[in-house]
Amino acid sequence: QVQLVESGGGLVQAGDSLRLSCAASRHIFSNYVMGWFRQAPGQEREFVAAINWSGSSTSYADSVKGRFTISKDNAKSTVYLQMNSLKPEDSAVYYCAADPASVIRRIPSSYPYWGQGTQVTVSS
């Protein structure tokens with residue numbers, strides 16, 4: 001059974017930092033691309049960042065490049081999203097997702113497994 005459980009969301013002020021965590025089933029964590037997506041009210045789900053199974057390759061949306069960092073801890077089967085210099089426009093529900101592909105893909109429909117999401121709200 002595939003399980004993805006996010007945590008770490010909350011309410012912060014603009015300029016603050018947050019770290020999201022996603023605990024994954026071990027059998028997918030070591031073989032799948034792990035991605036973070038977000039969805040604001042009334043908007044489509046959008047790609048934020050992803051990391052390949054080995055951690056050797058990462059990809060970021062232009063809107064977060066230089067501010068967000070994705071990483072993984074294989075021993076803990078956990079992927080992280082460190083979010084710095086947060087802006088009000090970063091407010092959304094953030095989702096962790098897993099893709100069995102060997103290359104990073106940015107399209108949400110490519111990811112068959114999803115967590116329940118965690119809310120991030122950035123006040124101005």
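Counting begins at 1 with the first residue of the sequence. A quick note: this is a predicted structure, and the numbers were derived from the prediction, not measured.
- Residue pairs meeting the disulfide bond (SG atoms under 2.5 Å apart) criterion with at least one member in residues 94-124, sequence neighbours excluded: C22-C96.
- To the nearest 0.5 angstrom, S124 atom OG is 10.0 Å from E89 atom CD.
- Checked against side chain to side chain contact (heavy atoms under 4.5 Å, CB included), V93 has the following partners two or more places apart in sequence or in another chain: Y95, Q119.
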Test side chain to side chain contact (heavy atoms under 4.5 Å, CB included) applied to D90 and M83, step by step:
CA-CA 9 Å; D90 294 319; M83 305 186 295; over 6 Å; no
For a side chain to side chain contact (heavy atoms under 4.5 Å, CB included) check, start with the C-alpha distance between Y111 and V33, then their side-chain angles and the critical distance, and finish with the verdict.
CA-CA 9 Å; Y111 290 71; V33 167; 3.7 Å; yes
With side chain to side chain contact (heavy atoms under 4.5 Å, CB included) as the test, would you mind laying out the steps for V2 and W114 before giving the verdict?
CA-CA 9 Å; V2 175; W114 293 84; over 6 Å; no
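- Across Q82 and S17, no two heavy atoms sit closer than the pair NE2-CB, 3.9 Å.
- Here R19 pairs with nothing under the salt bridge (charged side-chain N to carboxylate O under 4.0 Å, His left out) rule; sequence neighbours left out.
- Legend: residues meeting ring-ring contact (aromatic ring centres under 6.0 Å, His included) with W53, ordered by chain and number and at least two apart, are absent.
- When all heavy atoms of A49 and L81 are compared, the pair lying nearest together is CB-CD1, 4.1 Å.
- Here the OG-CG distance, from S25 to N31, works out to 12.0 Å after rounding to the nearest 0.5 Å.
- In Y113, the OH atom is not crowded: 12 or fewer heavy atoms of neighbouring residues, nucleotides or ligands sit closer than 6.0 Å.
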Checking side chain to side chain contact (heavy atoms under 4.5 Å, CB included) for the pair E6/L20: CA distance, chi angles, key distance, verdict?
CA-CA 7 Å; E6 303 102 330; L20 305 183; over 6 Å; no
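- Hydrophobic clustering places Y94 together with L4 (ILVMFWY residues linked when any side-chain heavy atoms are closer than 4.5 Å, directly or through intermediates).
- Under the side-chain hydrogen bond (donor to acceptor under 3.5 Å, both in side chains) criterion, S54 pairs with N52, S56, not counting sequence neighbours.
- In plain terms, the two heavy atoms of T69 and Y60 that are nearest each other are CA-OH, 3.4 Å.
- In this structure F47 satisfies the ring-ring contact (aromatic ring centres under 6.0 Å, His included) test together with F37, sequence neighbours excluded.
- A distance of 11.5 Å separates OG in S109 from CZ in R45, rounded to the nearest 0.5 Å.
- With side-chain heavy atoms closer than 4.5 Å counting as contact, directly or through intermediates, V103 stands alone and belongs to no larger hydrophobic cluster.
- Considering only residues two or more places apart in sequence or on other chains, R106 meets the salt bridge (charged side-chain N to carboxylate O under 4.0 Å, His left out) condition with none of them.
- The line from CD1 of I104 to OG1 of T58 is 6.5 Å long, rounded to the nearest 0.5 Å.
- For Q13, the side chain to side chain contact (heavy atoms under 4.5 Å, CB included) test picks out D16, S123, with sequence neighbours left out.
- Other residues, nucleotides and ligands contribute over 12 non-hydrogen atoms within 6.0 Å of the CD atom of Q116.
- The heavy-atom pair separating A40 from S91 by the smallest distance is CB-O, 3.8 Å.
- When all heavy atoms are compared, the tightest approach of V79 to W36 is O-CZ2, 3.8 Å.
- Partners of A23 under the side chain to side chain contact (heavy atoms under 4.5 Å, CB included) rule, at least two apart in sequence or in another chain, are T78.
- Taking the salt bridge (charged side-chain N to carboxylate O under 4.0 Å, His left out) definition, one finds that K65 meets it with D62, sequence neighbours left out.
- For E46, the salt bridge (charged side-chain N to carboxylate O under 4.0 Å, His left out) partners two or more places apart in sequence, or in a different chain, are R38.
- Pairing each heavy atom of V48 with each of V64, the nearest pair is O-CG2, 3.5 Å.
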